[in-house]
Amino acid sequence: MKKLLAISAVAGAMFAAGVADANAGSRNGSISGPRGTTTFSGARSCAGGVCSSQGSVTGPYGGTVSHQGSSTCSGGTCSGSGVVTGPRGGTVTYNRTISRY
């Protein structure tokens with residue numbers, strides 16, 4: 001259950017970051033902590049009002065969580081969907097809608 005929540009949290013964070021930043025580009029980096037280094041990479045591209053994103057996070061013990069999704073925004077409402085794949089091949093599919101009030 002904890003792993004599913006962690007994967008869902010990563011998917012939500014990646015989706016929210018993608019909606020908040022409509023510019024295309026890539027992000028890569030690493031974070032070091034007491035248990036080792038976590039690396040991340042991601043890319044986003046937009047065309048015709050649809051933005052696609054993909055990314056991955058690899059933990060200090062080698063497990064990788066990856067994400068692939070797309071989003072669209074219109075009239076203050078953004079919607080998107082995607083798939084998050086965990087380090088053992090399990091997947092979580094999501095659909096989200098965010099509206100500004």
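Considering only residues two or more places apart in sequence or on other chains, Ser52 meets the side-chain hydrogen bond (donor to acceptor under 3.5 Å, both in side chains) condition with none of them. Listed by chain and number, the residues in a side-chain hydrogen bond (donor to acceptor under 3.5 Å, both in side chains) with Thr93 amount to none (sequence neighbours excluded). Residues passing the side-chain contact (heavy atoms from CB on, under 4.5 Å) test with Ser99, sequence neighbours excluded: Thr77, Thr97, Tyr101. Taking Thr37 as the reference, Ser32 meet the side-chain hydrogen bond (donor to acceptor under 3.5 Å, both in side chains) condition, with sequence neighbours excluded. Not counting sequence neighbours, the partners of Asn28 by the side-chain contact (heavy atoms from CB on, under 4.5 Å) test are Ser26, Ser41. Under the side-chain hydrogen bond (donor to acceptor under 3.5 Å, both in side chains) criterion, Thr64 pairs with Thr58, not counting sequence neighbours.
Contact detail for Ser71 and Arg44: the closest heavy-atom pair is OG-NH2, 3.8 Å. Minimum heavy-atom separation, Gly63 to Pro87: CA-CB, 3.9 Å.
Distance NE2/His67 to OG/Ser56: 11.5 Å, rounded to 0.5 Å.
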>> Run the side chain to side chain contact (heavy atoms under 4.5 Å, CB included) test on Thr85 and Val65 for me, step by step, so that the C-alpha distance in whole Å, both residues' side-chain angles and the decisive distance to 0.1 Å come before the verdict.
In response: CA-CA 6 Å; Thr85 305; Val65 175; over 6 Å; no
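Side-chain contact between Cys78 and Thr72: absent, with no pair of heavy atoms (C-beta onward) separated by less than 4.5 Å. With contacts defined as side-chain heavy-atom distances shorter than 4.5 Å, the pair Val83/Tyr94 does not qualify.
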